[in-house]
Each structure stands twice: as C-alpha cells, then as structure tokens.
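Just below is one structure, and these are the notes that go with it.
Quick note on labels: first sequence line is chain A, next is B, and so on, each numbered from 1.
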Number of protein chains: 2
Amino acid sequence: MTFTDPAAPSADTAQQELISALVRASFATTAVLSRVAAEHDLSLTQLRVLAILRDRRVRLSDLADYLGLDKSTISGLVDRAEKRGLLQRAPNPADGRATDVFLTAEGMQLADLGEGKIARSLSPMTGKLTRAETIRLTALLEHVLKQKGP
Amino acid sequence: MTFTDPAAPSADTAQQELISALVRASFATTAVLSRVAAEHDLSLTQLRVLAILRDRRVRLSDLADYLGLDKSTISGLVDRAEKRGLLQRAPNPADGRATDVFLTAEGMQLADLGEGKIARSLSPMTGKLTRAETIRLTALLEHVLKQKGP
DNA sequence: TATTGTTATACTCTATAACTATA
DNA sequence: TATAGTTATAGAGTATAACAATA
C-alpha cells in the first residue's frame with residue numbers, strides 16, 4: 001500500500017513543469033544566439049553552419065543531415081556563405097557525386113570570434129550558478145540529450 | 001593557501017561545457033517543437049503565437065515584444081493566422097491606436113492539441129529522468145531563466 | 001536504381017522605410 | 001511629438017518537384 005503526499009505535485013505536473021522550463025530556456029538561448037549571429041550579419045542557421053564546419057570538412061548531404069534541412073535549402077545556404085567568403089566548395093575525392101564544404105580562413109576566424117561572444121552573451125544566464133550547480137545542470141542536460149539505446 | 005585538484009575541470013571549462021549542453025538542448029528542443037508545428041502546417045513562430053494567446057488577449061505591439069520581432073513582421077504573421085481562422089483582430093477599447101488579437105475557438109482547439117503533442121514529443125527526452133532529477137533540472141533551469149535584479 | 005547536388009518555383013519570415021491615425 | 005499599426009519592398013530561409021551526373 002502506498003500513500004501519496006497530497007502536497008507533492010504528481011509526476012505529470014513535474015513533467016509539465018520541466019517541459020515548460022525547457023521550452024522557455026530554449027527560446028531564451030536561441031534569442032541570445034540569434035542576437036550574436038545578427039551582430040555579424042548571420043542568421044542562426046548560418047551560425048550553426050560555421051559551428052559545424054569549425055572542426056569538420058563535410059559533404060553537403062551531411063550538412064543537410066546535421067541541420068535537418070532539405071538539400072535544396074543547403075545549396076542556397078552554402079551559396080550565400082561562399083559568396084561571402086566564409087566557406088568553400090570542393091569536389092569530394094572519393095565520390096564523384098558529392099561536394100565537400102569547409103571554412104575559409106575568414107570563416108574560421110569568424111567562428112572563433114563567435115564562440116567567445118556566445119559564451120560571454122550567455123554568461124548572464126549560466127554565470128548565476130555555483131560551480132556545483134553548473135556541473136549538475138550540465139550532467140542533467142547531457143542525460144536528457146542522450147540518445148535512446150539500440 | 002588553496003590547492004587545486006588538477007583532475008577537476010577549471011571553472012571556465014565547466015562553464016563551457018554547460019554552454020555547450022544548453023545550446024545543444026535548445027536545438028534539440030526547437031527541432032521537436034518545429035516538427036510538431038509543421039505537422040499542423042504551422043511555423044515555430046505561429047506556434048508561439050498560439051501559446052501566447054492561449055491565456056491572453058494582447059495588443060499587436062505586445063506580441064511584438066513577447067516574440068522580439070518588428071511590428072511589421074507581426075502584421076503579416078497575424079494576417080496569415082487570421083486568414084486561416086486561428087485568431088481575430090478587434091479594436092482595443094481603451095486605446096484608439098491599438099488593435100487586440102485573441103484566439104478563435106478553432107485556434108484555441110489547435111493550441112490545446114499542440115500542448116499535448118509537445119508534451120508527448122518531448123517525453124523521449126524528459127521522460128528519461130527520475131522524478132527527483134526532473135524536479136532538480138526544472139529548478140536549475142528556472143534559476144538560469146531568472147531575470148537579473150533591479 | 002539510388003544518391004548527390006542544382007535549379008526553378010512558391011511561400012513564409014523578417015526588417016527597413018514611409019505612411020496614417022491616434023494619443 | 002510619440003506610439004500603434006499597415007503597406008511596400010527586399011532579401012533570407014525553407015520545401016517540393018524536376019533535373020543531370022555519378023554510383
């Protein structure tokens with residue numbers, strides 16, 4: 001026989017409150033990222049492209065997978081970034097159908113700059129936590145992000 | 001005299017890891033929300049409008065403030081949602097310059113439906129936590145979201 | 001046949017600038 | 001003067017469909 005504490009929120013309520021907080025935190029974070037991007041005349045998507053290419057050379061189809069966007073969208077996205085000198089296309093040496101993309105020196109520099117700006121812009125949010133809380137929140141978020149097993 | 005444990009990550013590293021997790025969690029959450037929205041032929045922004053108007057009647061300028069968008073953007077957004085029958089405009093009774101917006105019955109129904117779908121769609125992420133972890137993560141996110149004092 | 005990428009098309013989202021009406 | 005909203009304009013982001021080249 002189990003007894004329920006009437007003052008304790010039900011599992012459903014706790015779940016709802018987590019979802020509410022998660023969604024609001026996502027919008028707040030996205031707003032900061034968008035602002036940083038806009039300061040460099042980038043869209044949020046372009047900023048994500050820079051972040052992805054910062055330590056990878058990938059095919060356009062990989063970029064589409066990472067971003068969850070259609071390949072035709074990627075074509076335009078890469079066109080504009082290439083025209084701006086942030087990245088370059090090159091044929092994939094192993095697959096004649098594929099095209100690789102990678103950052104130029106200018107794109108790399110902008111990606112580095114952006115990383116620092118993002119950290120500073122988010123610090124009003126993340127900097128309020130103690131060191132222990134920071135570590136605990138990170139672990140919980142990583143847990144939430146973990147993919148379901150096979 | 002203080003001694004630093006060389007195995008412990010520096011404060012900066014802990015901060016960086018939190019920021020990384022927060023950004024990834026935001027993208028993951030946004031992707032889920034966008035997918036739910038798309039299932040109902042809504043953009044993420046339109047979904048947010050429904051969520052905002054679910055328990056409020058507001059002026060267009062309020063909507064612009066909530067979403068952080070220009071008033072001209074709101075005009076178009078509201079136009080399309082109104083044409084679709086999800087919300088209505090009405091003159092603000094107290095201010096002759098202002099226009100209020102509020103959900104129609106159909107818009108309210110869609111907002112209700114969406115809330116349930118969002119909860120179910122996010123549950124693969126949020127449902128992995130124990131009850132105690134759920135409560136702890138919620139509290140930490142709320143702390144991060146708290147506005148700076150005056 | 002399937003995959004990779006491009007192009008044409010169409011719509012939404014977004015901001016800037018110029019405007020009207022009201023406060 | 002300042003605020004609220006609309007409209008015109010322009011550009012980015014996005015998907016669908018049709019296509020060519022390669023696997």
Salt bridge (Lys or Arg N to Asp or Glu O under 4.0 Å) partners of A:Arg57, counting only residues at least two apart: A:Asp100
Euclidean distance, atom CG of residue A:Asp70 to atom P of C:dT7 [Å, nearest integer]: 15 Å
Closest listed nucleotide, where the reference is the side chain of A:Arg97 and the choices are D:dG5, C:dT4, C:dT14: C:dT4
Length of the CD-C1' vector between B:Glu82 and D:dG5, whole Å: 13 Å
N/O (side chain, A:Arg80) to phosphate O (OP1/OP2, D:dG13) under 4.0 Å: yes
Sugar-phosphate only, base, or nothing, as touched by A:Asn92 at under 4.0 Å among non-hydrogen atoms: nothing
Sugar-phosphate only, base, or nothing, as touched by A:Ile74 at under 4.0 Å among non-hydrogen atoms: nothing
Nucleotide nearest A:Ala98 (side chain, heavy atoms from C-beta), chosen from C:dA15, C:dT4, D:dA4: C:dT4
Atom-pair distance (CG on B:Leu47; C1' on C:dC13), nearest Å: 15 Å
Between B:Gln15 and A:Ser123: side-chain donor-acceptor atoms closer than 3.5 Å: no
Phosphate contact (D:dG5 OP1 or OP2) by B:Ser61 side-chain N/O below 4.0 Å: yes
Comparing A:Gly76 and A:Asp95 on DNA chain D - which has the more 5′ nearest nucleotide: A:Gly76
Which residue lies more 5' along DNA chain D, comparing A:Ser72 with A:Gly96 via nearest heavy atoms: A:Ser72
Any B:Arg89 side-chain N or O less than 4.0 Å from OP1/OP2 of D:dT6: yes
Proximity to the side chain of B:Thr45 - top-ranked nucleotide from D:dT22, C:dC13, D:dT14: C:dC13
Pair of N/O donor and acceptor under 3.5 Å linking C:dT7 base with A:Ser75 side chain: no
Atom-to-atom span, CG of B:Asp100 to P of D:dA4 - whole angstrom: 12 Å
B:Ser43 side-chain proximity, nearest of D:dA4, C:dT12, C:dT6: C:dT12
Rounded distance in Å - CG (A:Leu69) to P (C:dG5): 14 Å
D:dA4 OP1/OP2 closer than 4.0 Å to side-chain N/O of B:Arg59: yes
Spacing between B:Asp41 atom CG and D:dA15 atom C1', to the nearest angstrom: 12 Å
Interatomic distance where CG belongs to A:Leu67 and P belongs to C:dG5 [whole Å]: 14 Å
Main-chain N/O of A:Leu50 paired to A:Arg54 side chain as donor or acceptor, under 3.5 Å: no
Any side-chain heavy-atom pair of A:Leu42 and A:Leu86 under 4.5 Å: yes
ILVMFWY cluster, B:Phe102 and B:Leu67 together (side-chain gap under 4.5 Å): no
Nearest-nucleotide pick for B:Lys71, side chain only, options being D:dT6, C:dC13, C:dG5: D:dT6
